[in-house]
Amino acid sequence: MANPRVFVTRIIPDAGLKVVLEQCDAEVWPEELPPPYEVLLQKVKGCDGLLSLLTDRINPQLMDAAPHLRVISQMAVGFDNVDAKAATERGIPVGNTPGVLTDTTADFAFTLLMAAARRVVEGMDYVRAGKWKTWGPTLLLGQDIHHATLGLIGFGRIGQGMARRASGFDMRVLYYDVYRREDLEKSMGVVYADLDTLLRESDFVSLHTDLNPQTRHIINDDAFAKMKPSAILINSARGPIVDPDALYRALRDGKIAGAGLDVTEPEPLPASSPLLSLPNCLIVPHIASSSVKTRGRMAEMAASNLIAGLRGERLPYCANPEVYERGNLRGG
Ligand code: DGY
């Protein structure tokens, strides 16, 4: 029997790619930039499986253009780029990669917090520019991390990872989530707060929610108006959770002290973005999960989801498990 046909939308780490190439008739998009939507539409036409990244728009039109497509495996935990509801309606399981990137992402969110609070990048720029003439009593004053209040918006795996890291710095941790986790409050020493209280009382506000219609631009002018002028915003979740125009105004006008962003709206952030003109805005290119080990494990998980879907087996990590209750699996 011929191997199933699949399209892989970028070169992924070998740990996953090798498995896909061994078991499938695979075409791998070789470019640094993602395939344009129209190209992707053509590429998936005869495919049984698709291994996608968060930069690919996977919508109903694309699913309909590929009548044999019976699995979409995304190499990321977030899958807001995939219309999972449309996939469920069409009987297509969608895979993702939860769990493996939790600690790596929390490490990085905490790195951003520390770097923004202590103005690490500004310090490096200062040295590089040859401005370091002497020890200065008020040079690059930052915000203390120890004993400060950390407000976590979203208290899933990565939010909890942040709380664990914060306890080592004697921080007070508030969290807001649509699901209250009373079971964890005592053991982790965290306190539930409504969103307003969290925004008003936190020295650091760190975002760990998924992107959905309720969380889009949840950090907007109103939210910044409630935050402390000394507060720092950290976003390692999804860019559009923050209104970028409101963020610019808040940083420019001193409504908050700084921001550390791994994600932006849009991505990539154009070089002309006004955010890049602000010294108190630290921005890196969506690399929170980017460690050698973690990206390798994400690729492995994406490959195993893909292969399971092609074999008609339940995906080990399925983002739309309700697809199995409908009895309309494609190719099933
Ligand atoms: C994810 O997996 O959703 C991250 O944003 C990328 O690693």
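Counting starts at 1 for both ligands and their atoms, in listed order. Computed from a predicted model, the values in this text were never measured in an experiment.
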**Message:** Can a side-chain donor-acceptor contact be found between Arg10 and Thr55 if the only test is distance below 3.5 angstrom?
**Reply:** yes
[X] side chain to [Y] backbone, donor-acceptor under 3.5 Å:
X      : Y      : value
Asn328 : Glu89  : yes
Ser73  : Ala302 : yes
Asp56  : Leu53  : yes

**Message:** Can you tell me how the ring of Tyr175 sits relative to the ring of Tyr192, calling it parallel under 30°, perpendicular over 60° and tilted otherwise?
**Reply:**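 Perpendicular, since the angle between the ring planes exceeds 60°.
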**Asked** Tyr126: what forms a ring pair (Phe, Tyr, Trp, His ring centres under 6.0 Å) with it, not counting sequence neighbours?
**Response**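 For Tyr126, no residue satisfies ring pair (Phe, Tyr, Trp, His ring centres under 6.0 Å) once neighbours in sequence are set aside.
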**Prompt:** Mind checking what residues have non-hydrogen atoms under 4.0 angstrom from ligand 1?
**Reply:** Leu54, Ala76, Val77, Gly78, Leu101, Arg238, His286, Ser289, Met298
